[in-house]
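These notes are about the structure you will find just below.
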There are 2 protein chains.
Amino acid sequence: MSDTTLADALRARIIAGEFAPGERLSETSLAARLDVSRNTLREAFRVLAQHGLVEHVPNRGVSVASPTTADVVDIYRARRQIECGILRDASALHPSVAVMREELERAEAGVEAGDWPVVAAANMGFHRALVALSDSPRLERTHEQLLAELRLAFLAIADFESLHRPFVTRNRAVLDALVDRGPQAAADELEDYLTESERRVLGAYARLGRG
Amino acid sequence: MSDTTLADALRARIIAGEFAPGERLSETSLAARLDVSRNTLREAFRVLAQHGLVEHVPNRGVSVASPTTADVVDIYRARRQIECGILRDASALHPSVAVMREELERAEAGVEAGDWPVVAAANMGFHRALVALSDSPRLERTHEQLLAELRLAFLAIADFESLHRPFVTRNRAVLDALVDRGPQAAADELEDYLTESERRVLGAYARLGRG
DNA sequence: TCGACCCACATTGTTGAACAATCATTGCGA
DNA sequence: TCGCAATGATTGTTCAACAATGTGGGTCGA
């Protein structure tokens, strides 16, 4: 199996919650379980470590990342910088606006159905489409990594409903603001969104005695 | 040798211009030359590929990245987004302002001495310190990768003087604006800087028949 | 009982060799 | 000249081994 494919497969498994945040990933046993050699697995680990999905400590192996409070704060700081900046410069005519609307509707349908994993995915899709407004592959890549890390924080908290349900209407507000009141208003809405979302995550962390 | 150390060493060599942008990096010969095994080298390659410093094509190995015109445009787009956004929210009292001043003086001394590599390094140091105003490790990491890629573009152009000399006074203007006229004015100055710098790089690329 | 030290064990870091898979080139024939 | 198959080189992957490092347990002494 190609190492990139392997890294992608591992990434998907981690994001799906197959491995708990903080869980130690033994090279020997995981290699056996995935039916690849240790060397191949190690190459995949390097990729994931660069993505921030696993943490690599020399001579002590890799574990699934488990974002600390400081990490969460930093992730949201970076998100604010990137997402708000992009939105402020965005055009409501960009094709990606349609994608944002699709994801929003998917999230709203998910709320109706009470399917919180769908809501979570759609909310993230909304913000991914938002970043695509920038037409910058590098910003999209960076943002994608931020979302992947953040998803680990969500996994540690595990309460998808309270983490995602309240934010569907906020995403609606962001999109409406972009279309009706212009990019600056949308950026302001988004900043509120992110501040509130960060507050929720940090609150849950505090209740858990951190992540 | 630890793989991270190896990746760092390779990164330094690439950035120093030891390998030309676009040059093919043979696993066997490079492993022999660096006195490491192929497997270890491959792990380091994965790290560098994630940094955008080398390009990895399946079954065709890795080459030193050689940014295309589109890459340069994207790098500057991302820089504008990140650096200007940070500067707009920055405080002139942040400790990193002192670092910016140091790098600026180093650059000015370099201009006096006609030492363009020093000027180039100091200019980049200035912008690195600028991003450090954000106190965000993730933004710093992303920005560092952008600079590394950009350095490859500079290497392809090779005319350090015209790429870096004009921008020392512009950096001075950014710093002065931050201290004297506030973050918004500084962000405006910086936007001019980046636009002009991008124009220069693209112009040189055009003269070379692209990179 | 408690703490310091030492040793065996487990895991990672790295190597070298081997083989399959894929790509590039060369030379042949039509 | 063009297409094509054989050939050689390089990458992808595996395996086995050993060195280096970290971990935990157990002994010994106070």
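All values derive from a computational prediction rather than experimental measurement. Just so we're on the same page: letters track the sequence lines, and every chain starts at 1.
Between F45(A) atom CZ and dT11(C) atom P there is a gap of 14 Å when expressed in whole angstrom units. The CG atom of L34(B) sits 13 Å away from the P atom of dG16(C) (whole-angstrom rounding). Residue E43(B) contributes atom CD, which lies 14 Å from atom P of dG12(D) at whole-angstrom precision.
The phosphate of dG13(C) has OP1 or OP2 within less than 4.0 Å of a side-chain N or O from H56(A). Residue R42(A) places at least one side-chain N or O under 4.0 Å from the OP1 or OP2 atom of dG13(C). Applying the 4.0 Å criterion to OP1 and OP2 of dA9(D), one finds that T28(B) has every side-chain N and O outside that range. Remark: T40(B) is in phosphate contact with dT15(C), judged by side-chain N or O atoms under 4.0 Å from OP1 or OP2.
Scored by the side-chain contact (heavy atoms from CB on, under 4.5 Å) test, Q50(B) finds V47(A), Q50(A), H51(A) as partners (sequence neighbours excluded). With sequence neighbours left out, R151(B) forms a side chain to side chain donor-acceptor pair (under 3.5 Å) with no residue at all. Residues passing the side chain to side chain donor-acceptor pair (under 3.5 Å) test with R138(A) are D71(B), D74(B), E149(B), sequence neighbours excluded. Partners of A65(B) according to the side-chain contact (heavy atoms from CB on, under 4.5 Å) rule, which considers only residues two or more places apart in sequence or in another chain, are L152(B). The side-chain contact (heavy atoms from CB on, under 4.5 Å) search around R88(A) returns Q184(A), A187(A), R88(B), not counting sequence neighbours. Listed by chain and number, the residues in a side-chain contact (heavy atoms from CB on, under 4.5 Å) with D192(A) are R170(A) (sequence neighbours excluded).
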Scan nucleotides 7-9 of chain C against the protein and return all N/O pairs shorter than 3.5 Å with their distances rounded to 0.1 Å.
none

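Here the options are W116(B), F154(B), Y193(B), the test is ring-ring contact (aromatic ring centres under 6.0 Å, His included), and the partner is H164(B); only F154(B) passes.
Residues E144(A) and R11(A) are paired through a salt bridge, judged by an N-O separation under 4.0 Å between the basic side chain and the carboxylate.
When the nearest nucleotides of DNA chain C are assigned to L41(B) and L25(A) by heavy-atom distance, the more 5′-ward of the two goes with L25(A).
In this structure, the nucleotide among dG13(C), dT10(D), dT14(D) sitting nearest to the side chain of R24(B) is dT10(D). Taking only side-chain atoms of N39(A), from C-beta outward, the nucleotide of dT10(D), dC15(D), dG13(C) with the closest atom is dC15(D).
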Nucleotide by nucleotide, nucleotides 19-25 of chain C touches protein heavy atoms under 4.0 Å in the pattern (B base, S sugar-phosphate only, - none) ---SSS-
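For the side chain to side chain donor-acceptor pair (under 3.5 Å) condition, the pairs that include at least one residue of residues 92-103 of chain A, sequence neighbours left out, are H94(A)-D135(A), E103(A)-R106(A).
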